[in-house]
Amino acid sequence: RPCRYGLPGPCRRRATLGRAIQAATTGGDLRIAATARIHLARTLRGAGDELTARTLLEENDRWYRASGGGDGALLTRCLLAALSLEPGTGKAAVQDLHTVLDEARHHQDLETQTLALDALANAAAARGDLPGAERLLQEADGLHAQVRHTLDDADRFDARIAREAPLRR
């Protein structure tokens with residue numbers, strides 16, 4: 001049965017997050033709405049709907065910039081940069097990811113560090129640098145062990161793609 005967001009299959013998580021965004025926005029809690037948009041964007045990206053994920057993250061980025069930042073601002077920037085990684089056109093995104101990674105390290109944001117390293121590993125694998133990708137994934141895996149309670153394996157989309165790279169060669 002089609003999902004409210006146009007995706008086939010089970011939609012409970014997407015529908016729940018959509019309702020959370022609507023309720024938080026209606027109630028004036030825009031920070032909670034932004035947090036729910038991050039989770040929905042990750043869910044949609046994992047389901048293959050990168051366009052809607054990007055739209056949600058761009059909305060978040062605008063909101064965080066207008067609001068002076070916040071807990072999810074760096075994670076939003078990380079996820080946007082990861083979505084911008086395309087073969088041959090991802091140089092700016094890779095630079096953005098390095099900037100995000102440096103800031104995440106400075107703020108000891110292990111979740112964002114993990115996802116930035118995953119995305120950089122994906123970029124390295126796409127360039128054919130499999131040893132570099134493996135080193136980045138090992139670092140990300142070490143951090144992930146410390147934040148597994150907030151970041152599960154399903155959230156590590158770029159890590160899965162990077163790990164599949166040797167199989168595609």
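This one's a predicted model, so the numbers in the text were calculated from it and none came from an experiment. All values below were derived from every heavy atom in this structure, side-chain atoms included, with hydrogens, water molecules and symmetry-related copies excluded.
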Engineer: Working note: D153 + R148, criterion salt bridge (Lys or Arg N to Asp or Glu O under 4.0 Å); need CA distance, chi angles, decisive distance, verdict.
Structural biologist: CA-CA 8 Å; D153 291 336; R148 196 171 290 278; 3.3 Å; yes

Engineer: Could you measure the distance from the CD1 atom of I21 to the CD1 atom of I32? Nearest 0.5 Å is fine.
Structural biologist: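 Result: 11.5 Å between the selected atoms.
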
Engineer: Can you see which heavy atom on A140 is nearest to which on R156, and at what distance?
Structural biologist: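 That closest heavy-atom pairing would be CB-NH2, 3.4 Å.
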
Engineer: So, applying side-chain contact (heavy atoms from CB on, under 4.5 Å) with T114, which one of L143, T150, L101, D158 is it?
Structural biologist: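 Answer after filtering L143, T150, L101, D158: L143.
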
Engineer: Pair Y64, E59 - check side chain to side chain contact (heavy atoms under 4.5 Å, CB included), show working.
Structural biologist: CA-CA 9 Å; Y64 280 119; E59 182 179 351; over 6 Å; no

Engineer: Same hydrophobic cluster for L110 and L137, using side-chain heavy-atom links shorter than 4.5 Å among ILVMFWY?
Structural biologist: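 Different clusters: L110 never reaches L137 through Ile, Leu, Val, Met, Phe, Trp or Tyr contacts under 4.5 Å.
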
Engineer: Might you point out which heavy atoms bring R14 and A47 nearest each other, and give the distance in Å?
Structural biologist: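 In terms of heavy atoms, the two residues are closest at NH1-CB, 3.8 Å.
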
Engineer: Under 4.0 Å between a Lys/Arg side-chain N and an Asp/Glu carboxylate O for R45 and D155?
Structural biologist: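 Salt bridge between R45 and D155, a charged N being under 4.0 Å from a carboxylate O: no.
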
Engineer: Check the hydrophobic clustering (I, L, V, M, F, W, Y; side-chain heavy atoms under 4.5 Å; chains of links allowed) and say if V94 and L75 are grouped together.
Structural biologist: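 Yes, V94 connects to L75 through the hydrophobic network.
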
Engineer: How many angstroms lie between CZ in R135 and CG in L120, if you round to the nearest 0.5 Å?
Structural biologist: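 Interatomic distance, R135 CZ to L120 CG, rounded to 0.5 Å: 12.5 Å.
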
Engineer: Is it the case that one hydrophobic cluster holds both L80 and V100, taking links as side-chain heavy atoms less than 4.5 Å apart, direct or via other members?
Structural biologist: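 Per the 4.5 Å side-chain linkage, L80 and V100 are not co-clustered.
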
Engineer: What's the separation between atom CG in D141 and atom CD in Q138, rounded to the nearest 0.5 Å?
Structural biologist: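 Between D141 CG and Q138 CD, I get 7.5 Å after rounding to 0.5 Å.
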
Engineer: Looking at A133 and A124, what are the two nearest heavy atoms and their distance?
Structural biologist: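 Result for this residue pair: N-CB, 3.8 Å.
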
Engineer: Kindly determine whether T26 and Q22 satisfy side chain to side chain contact (heavy atoms under 4.5 Å, CB included), including the steps that lead there.
Structural biologist: CA-CA 6 Å; T26 301; Q22 184 176 15; 4.2 Å; yes

Engineer: Look at E58 together with R65 and state whether they make a salt bridge at an N to O cut-off of under 4.0 Å.
Structural biologist: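 Not counted as a salt bridge, because no side-chain N and carboxylate O are separated by less than 4.0 Å.
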
Engineer: Looking only at atom types and distance, does a side-chain atom of N60 sit under 3.5 Å from a main-chain N or O of T76, one as donor and one as acceptor?
Structural biologist: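 Judged by distance alone, no pair lies under 3.5 Å.
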
Engineer: Within this structure, what is the CD-NE2 distance for the pair E111 and H144, rounded to the nearest 0.5 Å?
Structural biologist: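 Result: 9.0 Å between the selected atoms.
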
Engineer: What's the separation between atom CG in L83 and atom CG in L51, rounded to the nearest 0.5 Å?
Structural biologist: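 So the gap between those two atoms works out to 10.0 Å.
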
Engineer: Looking at D71, I'd like to know if its CG atom is crowded, meaning that more than 12 non-hydrogen atoms belonging to other residues, nucleotides or ligands lie closer than 6.0 Å.
Structural biologist: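 At most 12 heavy atoms, drawn from other residues, nucleotides or ligands, come within 6.0 Å of this atom.
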
Engineer: If you apply the rule side chain to side chain contact (heavy atoms under 4.5 Å, CB included), what do you find for R77 with T99, and how did you get there?
Structural biologist: CA-CA 10 Å; R77 286 177 39 216; T99 300; 3.9 Å; yes

Engineer: Are L136 and L115 linked, directly or through intermediate hydrophobic residues, by side-chain heavy-atom contacts shorter than 4.5 Å (ILVMFWY only)?
Structural biologist: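 Hydrophobic grouping puts L115 with L136.
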
Engineer: Considering only NZ, NE, NH1 and NH2 on the basic side and carboxylate oxygens on the acidic side, decide whether R163 and E134 come within less than 4.0 Å.
Structural biologist: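 Salt bridge flag = no for E134 with R163.
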
Engineer: Is L30 reachable from I38 through a run of I, L, V, M, F, W or Y residues, each pair having side-chain heavy atoms under 4.5 Å apart?
Structural biologist: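 In one cluster: yes.
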
Engineer: Any idea which heavy atoms bring C78 and L97 closest together, and the distance?
Structural biologist: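 Shortest heavy-atom separation between C78 and L97 comes out as O-CD2, 3.8 Å.
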
Engineer: Identify the two heavy atoms, one from L56 and one from A41, that lie closest to each other, and give their separation to 0.1 Å.
Structural biologist: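 That closest heavy-atom pairing would be CD1-N, 4.0 Å.
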
Engineer: Evaluate W63 against R37 for side chain to side chain contact (heavy atoms under 4.5 Å, CB included), listing each step before the verdict.
Structural biologist: CA-CA 11 Å; W63 183 80; R37 276 193 300 271; 4.3 Å; yes

Engineer: What are the two closest heavy atoms between A33 and A24, and how far apart are they?
Structural biologist: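 Residues A33 and A24, closest heavy atoms: N-CB, 3.6 Å.
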
Engineer: Once you round to the nearest 0.5 Å, how far does CZ of F157 lie from CG of L79?
Structural biologist: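 Between F157 CZ and L79 CG, I get 11.5 Å after rounding to 0.5 Å.
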
Engineer: Hydrogens and angles aside, do D49 and T52 bring a side-chain donor and acceptor to less than 3.5 Å of each other?
Structural biologist: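 Side-chain D/A pair, D49 to T52: present.
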
